[in-house]
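Notes for the one structure printed next.
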2 protein chains.
Amino acid sequence: MEPHHKEPGDPAQDDPVPGDPAPGPTPYERAQRKGQEALRRALLDAASGLLLEEGPGALTMRRVAGAVGCSTTVLYTMFGGKEGLADALYRDGFERLRRRLEAVDGDPGPQARLGALAHAYRDSALAERGYYGVMFQQAIPRFQPSPGSLAVAGASLEVLTQAVGAAMAAGVLRPGDPRAVAEVLWAAVHGAVSLELAGHFPDPGVALDRFQTLASAAILPFLPEPPTQRRR
Amino acid sequence: MEPHHKEPGDPAQDDPVPGDPAPGPTPYERAQRKGQEALRRALLDAASGLLLEEGPGALTMRRVAGAVGCSTTVLYTMFGGKEGLADALYRDGFERLRRRLEAVDGDPGPQARLGALAHAYRDSALAERGYYGVMFQQAIPRFQPSPGSLAVAGASLEVLTQAVGAAMAAGVLRPGDPRAVAEVLWAAVHGAVSLELAGHFPDPGVALDRFQTLASAAILPFLPEPPTQRRR
DNA sequence: CCGCCAGAATAACGTTGTTATTGATGGATC
DNA sequence: GATCCATCAATAACAACGTTATTCTGGCGG
């Protein structure tokens, strides 16, 4: 008796005819889904606008519904609740991050590209604080990303992983697991940005310095010819 | 006509007799304050229990008041609102962190002490997730720490700064600004812990590996005799 | 002993997420 | 083509939340 809201990768789990082979979605379903997808996009755009302009605190079911001119019932049939809406925004936020990272060109070589990706990460977080709050701080009280959304989030780091792989292929980094290196770099830039956004580096110059210092340090263990690596 | 709630370092800003010299708090006020301070401690303990056992979502004015057996009015006269309560918990959380960091002994030398402090930071975050949510994620929707509380938070890192200073004095680290080095180390361990708590490192072994790798890397730029430091 | 007042209990208000109820709309069936 | 039915949306309600206006109480000065 659970209110079955539409899930993206869940095609017709309750088909009306049990013995039907069900060869994909009916054209009717396809048309209907098109409309639903447009509606979904409109709802997500409205929520995104609220999130970017007024922050996560303004993300209210009534306000989102009012922004698109419908009732809150639509939000519940579409997303199943505020957690579902937050989950969609979570995915959307990592999608935005991925696009920003992909927009970084790798002209000046693999090493400079890693630095540029790091700065793109910081710029993204500073520019879209609302999304950052949904993605990393739990700005929506009861929300925690579903495992699938967590996987989507990790996939957004694929561009960083590939850049690390390219750097390894170019001999700029020592051969190894690109994913592991990318995760360490991610943690480094994320930590610096997180403390900056939390207000612990009020001076932007200081924040940038800490960011660059840490980002530069994070790749040191992966450079070739490790110079007198010490145990701690 | 703002509701003047009690602030810790604000002794009697509205003295009843304007022409009075007011040589400190009256004994009556002192006794009353003693009672108020005990009440404040009880309220904070109740809030802390809710926070640690059920998470920030259970931090409700009514629940906190119910846990100590009083009405919500007491919370408003004491803290001025939920933001004030969150601010007190914020300070309390950094106080707890400071105590945990001070509990690490520096027997095996300054360098091992830095590693032990890093692990203590991680252990603290993993053990008291509720406080971590209040301190770094904004788990309480409308709350943002006051400048004074931010300063208290930074002061909790003093133990790390002093450990860095000791390492510099011992020649383990290159001479420099201990505070800057401590902030970089803080950002490193915080980033790894933040991603772990967000669920991006589901395997605890992987999480520990990323943490150690990044923590070790973060001090590399500050070691003496920088080996072929490269620009990025 | 009376009057007074700081502070707490009670109950209310507005807002939030959520849902039960009702109403409309559009294809399926005879 | 008319009727039935299923699905979705609008309305309004409910519970819980933060907050506050109102009422009550308990201890002090006169």
Side-chain angles (χ1 to χ4, degrees), chain A residues 1-6 12-17 20 26-40 42-43 47 50 54-66 68-87 89 139-143, chain B residues 1-6 12 14-17 25-29 31-40 42-43 47 50 54-87 139-143:
Chain A
M1 205 55 69
E2 55 193 14
H4 61 296
H5 59 280
K6 304 298 184 300
Q13 71 175 18
D14 52 348
D15 44 356
V17 185
D20 203 65
T26 298
Y28 161 66
E29 287 180 340
R30 186 175 294 272
Q32 185 166 354
R33 186 158 319 176
K34 191 116 191 178
Q36 295 230 19
E37 219 153 300
L39 179 59
R40 176 187 170 93
L43 289 170
L50 260 336
E54 303 186 40
L59 256 188
T60 294
M61 295 303 227
R62 287 176 172 84
R63 287 202 66 179
V64 174
V68 302
C70 68
S71 179
T72 61
T73 317
V74 184
L75 283 169
Y76 284 89
T77 60
M78 184 71 75
F79 299 103
K82 193 171 187 182
E83 299 181 38
L85 176 61
D87 205 70
L89 287 172
I140 283 138
R142 308 262 308 161
F143 163 67
Chain B
M1 219 48 67
E2 52 196 13
H4 60 296
H5 60 277
K6 304 296 183 300
D14 51 348
D15 43 357
V17 185
T26 298
Y28 162 66
E29 287 180 341
Q32 186 166 354
R33 186 157 319 175
K34 190 117 190 175
Q36 295 228 21
E37 220 153 300
L39 179 58
R40 177 187 169 93
L43 290 170
L50 260 336
E54 303 185 42
L59 255 189
T60 294
M61 295 302 229
R62 287 176 170 86
R63 288 203 65 179
V64 174
V68 302
C70 68
S71 179
T72 61
T73 316
V74 185
L75 283 168
Y76 284 89
T77 60
M78 185 70 75
F79 300 102
K82 192 172 187 182
E83 300 181 38
L85 176 62
D87 205 69
I140 283 139
R142 307 263 309 161
F143 162 67

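Letters go in sequence order (proteins before strands), and every chain restarts at 1. Side-chain atoms are counted along with the backbone in the values below, which use heavy atoms only and exclude waters and symmetry mates.
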Whole angstrom is fine here: how far is it from [atom1] in [X] over to [atom2] in [N]?
X	N	atom1	atom2	value
A:Met61	D:dT11	CE	C1'	17 Å
A:Lys82	C:dT19	NZ	C1'	17 Å
B:Arg63	D:dG18	CZ	P	11 Å
B:Tyr76	D:dT20	OH	P	7 Å
A:Phe79	C:dG17	CZ	P	14 Å
B:Met78	D:dT19	CE	P	16 Å

* Output all residues satisfying salt bridge (charged side-chain N to carboxylate O under 4.0 Å, His left out) with B:Arg142, sequence neighbours left out; order by chain, then residue number. =>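 If we apply the salt bridge (charged side-chain N to carboxylate O under 4.0 Å, His left out) test to B:Arg142, skipping adjacent residues, there are no hits.
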
Ignoring hydrogens and angles, write down the donor-acceptor pairs under 3.5 Å from the side chains of residues 67-75 of chain B, residues two or more places apart or on other chains.
none

Quick test: give all pairs of protein nitrogen or oxygen and nucleotides 8-10 of chain C nitrogen or oxygen below 3.5 Å, distance rounded to 0.1 Å.
{"from": "C:dA8", "atom 1": "OP2", "to": "B:Thr77", "atom 2": "OG1", "distance (Å)": "3.3"}
{"from": "C:dA9", "atom 1": "OP2", "to": "B:Ser71", "atom 2": "N", "distance (Å)": "2.8"}
{"from": "C:dA9", "atom 1": "N7", "to": "B:Thr73", "atom 2": "OG1", "distance (Å)": "3.1"}
{"from": "C:dT10", "atom 1": "O4", "to": "B:Thr73", "atom 2": "OG1", "distance (Å)": "3.3"}

* Asked: With a non-hydrogen cut-off below 4.0 angstrom, is A:Ile140 in contact with a base, only sugar-phosphate, or nothing?
  ->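 Answer is nothing: A:Ile140 stays at 4.0 Å or more from every strand.
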
* Asked: Which part of the nucleic acid, if any, lies within reach of A:Leu85 when heavy atoms closer than 4.0 Å are counted: base, sugar-phosphate only, or nothing?
  ->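 No contact at all - A:Leu85 keeps every heavy atom at 4.0 Å or more from the nucleic acid.
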
For nucleotides 13-16 of chain D, print each protein N/O atom paired with a nucleotide N/O atom at under 3.5 Å, atom names and distance only.
{"from": "D:dA13", "atom 1": "N6", "to": "A:Arg62", "atom 2": "NH2", "distance (Å)": "3.3"}

* Taking all non-hydrogen atoms of both residues into account, name the closest pair between A:Glu83 and A:Phe143 and its distance. =>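 Taking A:Glu83 first and A:Phe143 second, the nearest heavy atoms are O-CD1, 3.7 Å.
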
* What pairs of residues pass the salt bridge (charged side-chain N to carboxylate O under 4.0 Å, His left out) test when at least one of them lies in residues 54-81 of chain B, not counting sequence neighbours? ->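 Counting only pairs at least two positions apart or across chains, the salt bridge (charged side-chain N to carboxylate O under 4.0 Å, His left out) contacts touching residues 54-81 of chain B are B:Glu54-B:Arg63.
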
* If you round to the nearest 0.5 Å, how far is CG of B:Leu43 from CE of B:Met78? ->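 Reported to 0.5 Å precision, the distance equals 5.5 Å.
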
* Asked: What residues form a side-chain contact (heavy atoms from CB on, under 4.5 Å) with B:Ala47, not counting sequence neighbours?
  ->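 By the side-chain contact (heavy atoms from CB on, under 4.5 Å) rule, B:Ala47 matches B:Leu59, B:Val64, B:Leu85, B:Leu89.
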
